[in-house]
Amino acid sequence: MSILEEAGFDAQQAADNLESARSVQGRTQLQLTWRRLRNDPVSMIALAVIILMVIAAIAAPAVAALTHHAVDTAYPDTGEDASGNPVGPGVAGFLLGTDSTGRDLLVRVLYGARISLFVGVVSTLIAIVLGVSIGLIAGYFGGIIDTILARFTDAVLAFPFILLAIALATVFGPSLTLIMVLITFFSWAGIARIVRGQALSLKEKEYIEAARSLGAGPFRIMFIDILPNLLAPVLVVGTLLIPAAIVFESTLSFLGLGIQAPTPSWGNMLSDASNFYQVAWWYVVFPALFLLITTLAFNLLGDGIRDAMDPRTERLIAARRLRRRGKRKARAVTVQAQQPGK
Amino acid sequence: MAIVGYLIRRLLTGAIVVWVVATVTFFLFFARPVQTVARQLAGRAATPQVINEVINNLGLNDSIMTQYWHFLDNLLHGNLGFSYFTGVTVDQMLKQDLPPTVSLVLGATVLWLVFGLSVGIISATRARSVFDRVASVGVLVGLSMPTFVVGELLVGFVFQPLYSGGFHWINTGYAGITSGIGPFVGHMLLPWITLATVQAAIYTRLSRGQLLETLGEDYIRTARAKGLSERRVVFRHAVRAALTPVVSQLGVDIGQLLGGVVVVEQVFGLGGIGQTSIQAVGNDNLPVIIGFVIIAAVFVVLANIIVDLVYAALDPRVRIT
């Protein structure tokens, strides 16, 4: 029996304590962020809208089946009026009306959501993987790799993306893959820059030195020790990149360089709709509304996450609460002060 | 003079950037078979001989390096070549297309800077007021609006009703400033608003955030403590320091602005370099595309130099070396 145990020290208990402390610390940042985020009604509404939009996009074929309106089929008998113009919302079972050739706008808008969300999320994920890896390597190794990366990110950030987009779309022909390659190409540099900056300061921390002295190799240090500390800023940038990617896709499709008809995308629907302002307002309004709501929700959520991650927010909320309480107290005091004089 | 040396160095690196961009574009388009251009030029029922003749006339049969050499040689002499289809020189097309684009960019930039900065400053000095809250909602909506959607909505729900209602001052298409200031503004107003909306939102948010941060600095407290008026504190001490990141953002944005320009010109039919380059891409008009890409690159390089100079003038800590 060791002297410690004689003194009532329970080794198992201590190990458990250490273990639980470690596991709590490992998640602290994200947990705290989530807790603050949950108390922010705007972010929660934005999140709900995004989830609804995803569900709607997934359910697009089901909606098509329910309405008996296929996505690429025109219904000239029911979907167009006597003069061949689109019919309005609610007419003949078309909840959002029809488009220029008498196709169901609701079904097409939902199929458009599939493309937008897919492009937004997938190309952002690829950009994150690329940006994080390159940023980590540049920040950790420094030197010539870092210089090359810095010049390259500068070039990417300064290059007028629309010119490259136009050029590539004509050389290779417009396609979904091309759009995603373009978005990824113009997004990773921003992430790499942020990750590089963080990695530069993190690699000087004592715990990295500790890891190194324990014999950890550079890749272990980069991906096991540094990466988890970068998740938060990457999460914010990622959330804000998704709406940017969606806007980019719809802009290219609008210019005729992206998704090609008859495949519906919000961009090419709006381009087609521009000839029907006077006869069919719904044809412009609904795709625009879906696009706006989606990008707005992602932007709001990204802002919310950024605020929630900022430790100053806690203080801000506390300060606001304090001030409100202070005002109430002051009011109470003045009321009391006035009463005797009444 | 340090500034002369600085300018020379910046212009030299700028020239290298332009050369790289031109070269990349040049080789990029060689991934595309020359047949398509020649076939379009030769007409629908062209025999192979006619197509070959067209290809030879355009010099498309030379080796890539020979063509590249010709291209560089011409470029150094300021000769951007001819449009494949109309035979008009690219210089001439540029001369024709630059006025709409330049008026669009300049007008929109003024609009978004004035609007974005003033809303940002008012929001920051009255943080958490009703104005601030309304403004920040507006900023988020503006940020989420793709440029082409703003343009479409303005055309559909402002221009069309006004025009069919007999109000013809606001119009699409382009009217040069020579046709009078009234028609010019009438034609450019909606394009300016369209291009400025998203940018104004970005700058409002940026300037508000920066100014809020600056107003919390110790030297602002010092300025207040020594009895300066609030106006003087905000405008002389805080805004100047808060503006520097805004100016550097401007340098980044100028490259991205071209995207918005293409969209706005397309939506309103302004016929500037954006619209022309999209058409040129549509029919493989290589000399025109390269000409426009070079002009765009020159524009971006020059704008960045100007931005850096303004930056140095605003922030006394930045030295031009």
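Computed from a prediction, not measured in an experiment: that's the story for all the values here. Proteins come first, then strands; the chains are lettered A, B, ... in the order of their sequence lines, and each starts at number 1.
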Student: Any salt bridge between B/Asp132 and B/Arg208, counting N to O under 4.0 Å?
Tutor: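 Salt bridge flag = yes for B/Arg208 with B/Asp132.
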Student: So what's closer than 4.5 Å to chain A heavy atoms on B/Val20: side chain, backbone, both or neither?
Tutor: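 Neither part, no heavy atoms under 4.5 Å.
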Student: Test your reading of the model: is there a side-chain donor-acceptor pair from B/Glu265 to the backbone of B/Gln275, 3.5 Å cut-off?
Tutor: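 Yes, the answer is positive, given that a donor and an acceptor are paired below the 3.5 Å cut-off.
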Student: Are B/Tyr68 and B/Thr23 linked by a side-chain donor-acceptor pair shorter than 3.5 Å?
Tutor: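 Yes - a donor-acceptor pair under 3.5 Å links their side chains.
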Student: Heavy-atom distance under 4.5 Å to chain A: side chain of B/Gln266, backbone, both or neither?
Tutor: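 Answer is side chain: those atoms of B/Gln266 sit under 4.5 Å from chain A.
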Student: Would you mind checking which part of A/Val42 comes under 4.5 Å of any heavy atom in chain B, side chain (CB onward), backbone (N, CA, C, O), both or neither?
Tutor: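 Contact with chain B involves no heavy atom of A/Val42 at all.
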Student: So, A/Arg108 and A/Asp272, do they make that salt bridge, N to O below 4.0 Å?
Tutor: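 Looking at A/Arg108 and A/Asp272, the cut-off is not met.
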Student: So which of A/Thr294, A/Leu292, A/Leu296 has the biggest tally of heavy-atom pairs under 4.5 Å with chain B?
Tutor: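 Sorted descending by pairs with chain B, the first entry is A/Leu296.
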